[in-house]
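Working notes for the structure below.
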Protein chains: 2
Amino acid sequence: MDADKVFKALADPTRRTLLDRLYEKNGQTLGQLCEDLDMARQSATQHLGILEEANLVSTVRRGREKLHFINPVPIHEVYERWVRKFEHRRLSLLHDLKKELEGE
Amino acid sequence: MDADKVFKALADPTRRTLLDRLYEKNGQTLGQLCEDLDMARQSATQHLGILEEANLVSTVRRGREKLHFINPVPIHEVYERWVRKFEHRRLSLLHDLKKELEGE
DNA sequence: ATAATATGCAGGTAAATGCCTGCATGTCAA
DNA sequence: TTGACATGCAGGCATTTACCTGCATATTAT
C-alpha cells in the first residue's frame with residue numbers, strides 16, 4: 001500500500017464524493033459519475049485517475065464505457081496501519097491530553 | 001471534524017512520521033521532534049502547524065518549550081465516517097470487483 | 001457509412017504546497 | 001544582566017494540484 005497516494009486521494013472533497021457515489025451504486029460509468037459534479041468531465045476524469053492510482057477504484061472497460069468499482073483493500077490497510085493502532089491507545093492518549101490541558 | 005484538513009494532514013510522510021514519534025513518546029518538544037528529521041526546524045514547525053490545524057495534535061506551552069500531544073479524536077471520527085462504512089461492506093465490495101475482473 | 005456517444009490526451013493557468021533563509025521574540029541559567 | 005537556548009514570523013522559490021479548453025480516438029446505433 002502506498003499510504004501517500006491513498007491519503008492524498010482521500011484528501012479532496014470531490015474524490016470523497018465520488019467514492020460515496022460508488023458506495024451507493026458500484027460499477028458506474030465515467031459519464032454517470034460526472035453528472036451533477038459541477039466541473040468539466042476532464043477534471044472528474046483526473047480525480048478518478050488519482051483514485052485509480054491509489055488503488056481505491058478499479059476499472060473495467062466495457063465497449064465504449066468505463067465501469068468503476070470500489071476496491072476496499074487500501075482502506076482496510078489504512079485501518080490496520082493508521083487507525084487501529086491509535087484506536088487501541090485512544091483512551092490513554094485522551095487522558096494524556098486532558099491531564100496536560102488542565103495544567104499538569 | 002474537517003475531513004479535508006485531517007486527510008491532507010495525513011497525506012504527507014513527514015507528518016505521519018511525526019505522529020508515529022508522538023505515539024512512541026507523547027508530549028515531546030518541537031526541538032525533540034525536529035531531531036533526525038533532515039529538514040530545517042522551520043519546515044518541521046510548518047508540518048506541526050498543519051497537524052495542529054487538523055486537530056491531530058494539541059500543544060501546551062511550558063516556559064520556552066512547546067509540548068506536543070496526540071489528539072486521537074479526529075482519527076476516531078475518520079474511522080467512524082470513512083473506514084467503518086467501507087469495512088462493513090468490504091467483502092461484498094471485493095466480490096463485486098472480483099466478479100467484474102473475471103469478465104462478468 | 002455516418003452521426004452520435006463515451007472516453008482519452010495535450011497543454012495552459014492560478015493557487016496551494018513544501019522547502020528554504022534571515023531575523024525577531026521570549027525564557028532560562030550563570 | 002547577559003548569553004545561550006527554544007520557538008515565532010516573514011518572505012522567496014520550485015513543484016504540484018485542480019481546474020480549464022480544444023482536439024483526437026474509439027464504439028455503437030441508424
Side-chain angles (χ1 to χ4, degrees), chain A residues 2-22 25-69 100-101 103-104, chain B residues 2-22 25-69 100-101 103-104:
Chain A
D2 186 330
D4 236 74
K5 285 188 181 174
V6 175
F7 282 121
K8 274 191 180 139
L10 292 170
D12 179 278
T14 301
R15 294 194 284 268
R16 292 195 301 274
T17 297
L18 286 167
L19 276 186
D20 272 342
R21 293 226 183 139
L22 282 179
K25 186 171 185 302
N26 213 1
Q28 294 186 68
T29 67
L30 174 59
Q32 291 177 302
L33 288 169
C34 286
E35 287 174 14
D36 308 315
L37 255 203
D38 201 40
M39 67 175 59
R41 171 186 56 82
Q42 288 89 334
S43 307
T45 302
Q46 288 182 331
H47 284 298
L48 286 165
I50 287 169
L51 289 169
E52 239 185 300
E53 268 289 304
N55 242 298
L56 287 161
V57 162
S58 294
T59 61
V60 176
R61 196 85 202 220
R62 188 160 69 195
R64 63 183 162 184
E65 293 181 325
K66 190 174 184 181
L67 307 184
H68 298 74
F69 293 85
E100 199 64 32
L101 291 178
E104 194 67 17
Chain B
D2 186 330
D4 236 74
K5 285 188 180 174
V6 174
F7 281 121
K8 275 193 178 135
L10 292 170
D12 179 279
T14 301
R15 294 193 284 268
R16 291 196 301 274
T17 297
L18 285 167
L19 277 186
D20 273 343
R21 294 227 181 138
L22 282 179
K25 186 172 186 302
N26 212 1
Q28 293 187 69
T29 67
L30 175 58
Q32 290 176 303
L33 288 169
C34 285
E35 286 174 14
D36 306 315
L37 255 203
D38 202 39
M39 68 176 59
R41 170 186 57 82
Q42 289 90 334
S43 307
T45 302
Q46 288 182 332
H47 284 298
L48 286 166
I50 288 169
L51 289 169
E52 238 184 302
E53 268 290 303
N55 243 298
L56 287 162
V57 163
S58 295
T59 61
V60 176
R61 196 84 202 223
R62 187 159 71 195
R64 63 182 161 182
E65 293 180 327
K66 189 175 183 181
L67 307 184
H68 297 73
F69 294 84
E100 199 63 33
L101 291 178
E104 194 68 12

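Every chain is numbered from 1 and lettered A, B, ... according to where its sequence line falls, protein lines coming before strand lines.
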With sequence neighbours left out, what residues match B:Leu48 under side chain to side chain contact (heavy atoms under 4.5 Å, CB included)? B:Leu18, B:Leu30, B:Leu33, B:Leu51, B:His68
Side chains of A:Asp2 and A:Asn55: does their closest heavy-atom pair fall under 4.5 Å? no
Dump the pairs, protein N or O against N or O of nucleotides 24-30 of chain C, anything under 3.5 Å, distances to one decimal.
residue	atom	partner	partner atom	Å
C:dT27	O2	B:Arg64	NH1	3.4

In whole angstroms, the gap separating P of C:dT7 from CD of A:Glu52 amounts to 13 Å
Can you find a pair of side-chain heavy atoms, one from B:Leu56 and one from B:Ile50, that are under 4.5 Å apart? no
I need the residues from residues 2-16 of chain A with at least one non-hydrogen atom less than 4.0 Å from DNA chain D; give them sorted by number, or say none. A:Lys8, A:Asp12, A:Arg15
Where chain A begins and ends its contact with DNA chain D, read 5' to 3' at 4.0 Å from heavy atoms: D:dT17 to D:dT28
Taking atom C1' of C:dT21 as reference, at what distance in whole Å does atom CE of B:Met39 sit? 15 Å
More than 12 heavy atoms of other groups within 6.0 Å of B:Glu53 CD: no
Any A:Glu100 side-chain heavy atom under 4.5 Å of B:Arg62 side chain: yes
For the residue pair A:Leu67 and A:Thr59, establish whether any side-chain heavy-atom pair is separated by less than 4.5 Å. no
CZ of B:Phe7 to NZ of A:Lys8, rounded to nearest 0.5 Å, is 15.0 Å
Could you pick out which residue, A:Gln46 or B:Gln46, lies toward the 5' side of DNA chain D when each is mapped onto its nearest nucleotide? B:Gln46
In terms of heavy-atom contacts, A:Lys66 and A:Glu52 come closest through NZ-OE1, 3.5 Å
Show me the donor-acceptor pairs within less than 3.5 Å that the side chains of residues 40-47 of chain A make with the rest of the protein, sequence neighbours left out.
residue	atom	partner	partner atom	Å
A:Thr45	OG1	A:Arg41	O	2.9
A:His47	ND1	A:Arg15	NH1	3.1

Under the rule for salt bridge (charged side-chain N to carboxylate O under 4.0 Å, His left out), what residues qualify as partners of A:Arg16, not counting sequence neighbours? B:Asp4
